[in-house]
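To start, the structure itself, in structure tokens.
Atoms within a ligand are numbered from 1 in the order they appear, just like the ligands themselves. Being a predicted model, the structure only gives us computed values, none of them experimental.
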Amino acid sequence: MLVIGVAGGTGSGKTTVVQQIVNDLPAEEVGVISQDSYYKDLSQMSYDDRCQINFDHPDSIDFQMLIQHIKSLKGGKSIQQPVYSFAVHNRLEESTTIEPRKVLIVEGILILSQPELRKLLDLKLYVYAESDERLIRRLKRDIVERGRDLEEVIDRYQNTLRPMHNEFIEPSKEFADVIIPTHRRNRVAVELIRDIIDQRIAQDQ
Ligand SMILES: Nc1ncnc2c1ncn2[C@@H]1O[C@H](COP(=O)(O)OP(=O)(O)O)[C@@H](O)[C@H]1O
Ligand SMILES: Nc1ccn([C@@H]2O[C@H](COP(=O)(O)O)[C@@H](O)[C@H]2O)c(=O)n1
């Protein structure tokens, strides 16, 4: 199995790049897991308390479970991936079955920040966009798709997102094999990654 890690700041375009890569591949050969599914279970807290959580700090993620799940998939076993709700800031009761595939893409802001996780990655990508562009994208997305308002996004950006980005995410860029700029749709970078994946799939046959 080829395991590809895709990191980068919020709104950098990770999900979009992953979607472009996946669209080009046969569905039965690629699986995707998102770091967002591994936010810790906060059922013991009230909704108001959950709203105060710093969701950009590595401690908010159950990396042990994520690492265990990647190891299981590498070992040919399926996993039950938690389902996360941005609306309630918590895991839901249900889970999603993910089957092992030839290619596994693991995507999320902090994917390159954890040494134990990095060891499991065969190819490390960092998706890059300027911070003002990321904030604009995040504002639009969170208001339209994640039920947030202008004040919530700006408060979170100033209080937790920006400082955590500077402390944990931006420095993890140094571990990337390839940095993908997304100031515009970057077809060339996606094709490059596609070629690497194709070679690896062909080698395994
Ligand atoms: N290259 C790009 N140019 C313009 N908008 C983009 C680009 N890449 C992503 N977007 C938009 O920005 C928003 C955030 O992108 P997304 O892929 O969800 O980022 P991430 O997963 O890194 O948070 C989405 O609404 C997406 O459509
Ligand atoms: N309940 C939550 C959990 C996380 N976030 C934010 O999501 C961002 C990471 O997701 P991307 O798809 O943007 O990479 C992260 O910056 C958290 O601030 C949230 O708003 N609410």
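Atom 13 (O) of ligand 2 has as its closest protein heavy atom Thr10 OG1, 2.6 Å. Taking atom 4 (C) of ligand 2 as the reference point, the nearest protein heavy-atom neighbour is Tyr39 OH, 3.3 Å. When hydrogens are left out, the protein atom nearest atom 15 (C) of ligand 2 is Asp56 OD2, 3.1 Å; that is the closest non-hydrogen contact. The nearest heavy-atom contact from the protein to atom 5 (N) of ligand 2 is Phe86 CE2, 3.8 Å. Among all non-hydrogen protein atoms, the one lying nearest atom 9 (C) of ligand 2 is Asp36 OD1, 3.7 Å.
From Leu25, atom CG reaches atom CD of Glu28 across 9.5 Å, with rounding to the nearest 0.5 Å.
The environment of CD in Glu94 is crowded: more than 12 heavy-atom neighbours from other residues, nucleotides or ligands sit within 6.0 Å. The number of heavy atoms from other shown groups lying within 6.0 Å of CD (Gln44) is above 12. Heavy atoms from other residues, nucleotides or ligands lying under 6.0 Å from NZ of Lys74 number more than 12.
Ile79 pairs by the side-chain contact (heavy atoms from CB on, under 4.5 Å) definition with Ile33, Tyr38, His69, Ser72, Leu73, Gln81, Ile98, not counting sequence neighbours. In this structure Lys173 satisfies the salt bridge (charged side-chain N to carboxylate O under 4.0 Å, His left out) test together with Glu170, sequence neighbours excluded.
Pairs passing the salt bridge (Lys or Arg N to Asp or Glu O under 4.0 Å) check and including a residue from residues 118-132, sequence neighbours excluded, do not occur.
For ligand 1, residues of the protein lying within 4.0 angstrom by heavy-atom distance are Gly9, Thr10, Gly11, Ser12, Gly13, Lys14, Thr15, Thr16, Arg137, Arg141, Thr182, Arg184, Arg185.
Here the rule is side chain to side chain contact (heavy atoms under 4.5 Å, CB included) with Lys14, and of Val6, Ile180, Leu125, Thr182 only Val6 fits it.
If you look at His89 and Tyr84, their ring centroids are not closer than 6.0 Å.
Here is the list of ligand 2 atoms found below 4.0 Å of a heavy atom in Ile109: 14 (O), 15 (C). Proximity to Tyr84 (heavy-atom distance under 4.0 Å) selects the following atoms of ligand 2: 1 (N), 2 (C), 3 (C).
Not a single N or O atom of Asp142, backbone or side chain, sits closer than 3.5 Å to an N or O atom of ligand 2. The shortest N or O to N or O distance between His89 and ligand 2 is below 3.5 Å. Inclusion of Lys14 in the set of residues having an N or O under 3.5 Å from an N or O of ligand 2 is warranted. At a 3.5 angstrom cut-off on N or O pairs, Arg141 counts as close to ligand 2.
With no hydrogens or angles considered, no side-chain donor-acceptor pair links Gln80 and Thr96 at under 3.5 Å. Judged by distance alone, the side chains of Asp48 and Ser46 never bring a donor and an acceptor atom under 3.5 Å apart.
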### Message
Show, in sequence, the C-alpha distance, side-chain angles and deciding distance for Thr10 and Arg138, and conclude whether the side-chain hydrogen bond (donor to acceptor under 3.5 Å, both in side chains) test is met.
### Response
CA-CA 7 Å; Thr10 181; Arg138 165 100 178 215; 2.9 Å; yes
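For atom 12 (O) of ligand 2, the choice among Arg138, Glu145, Arg146 with the nearest heavy atom turns out to be Arg146.
The pair Arg101-Glu29 does not count as a salt bridge, with every side-chain nitrogen at least 4.0 angstrom from each carboxylate oxygen.
In Arg148, the part holding a heavy atom less than 4.0 Å from any atom of ligand 2 is the side chain. For Thr160, no heavy-atom contact with ligand 2 is shorter than 4.0 Å.
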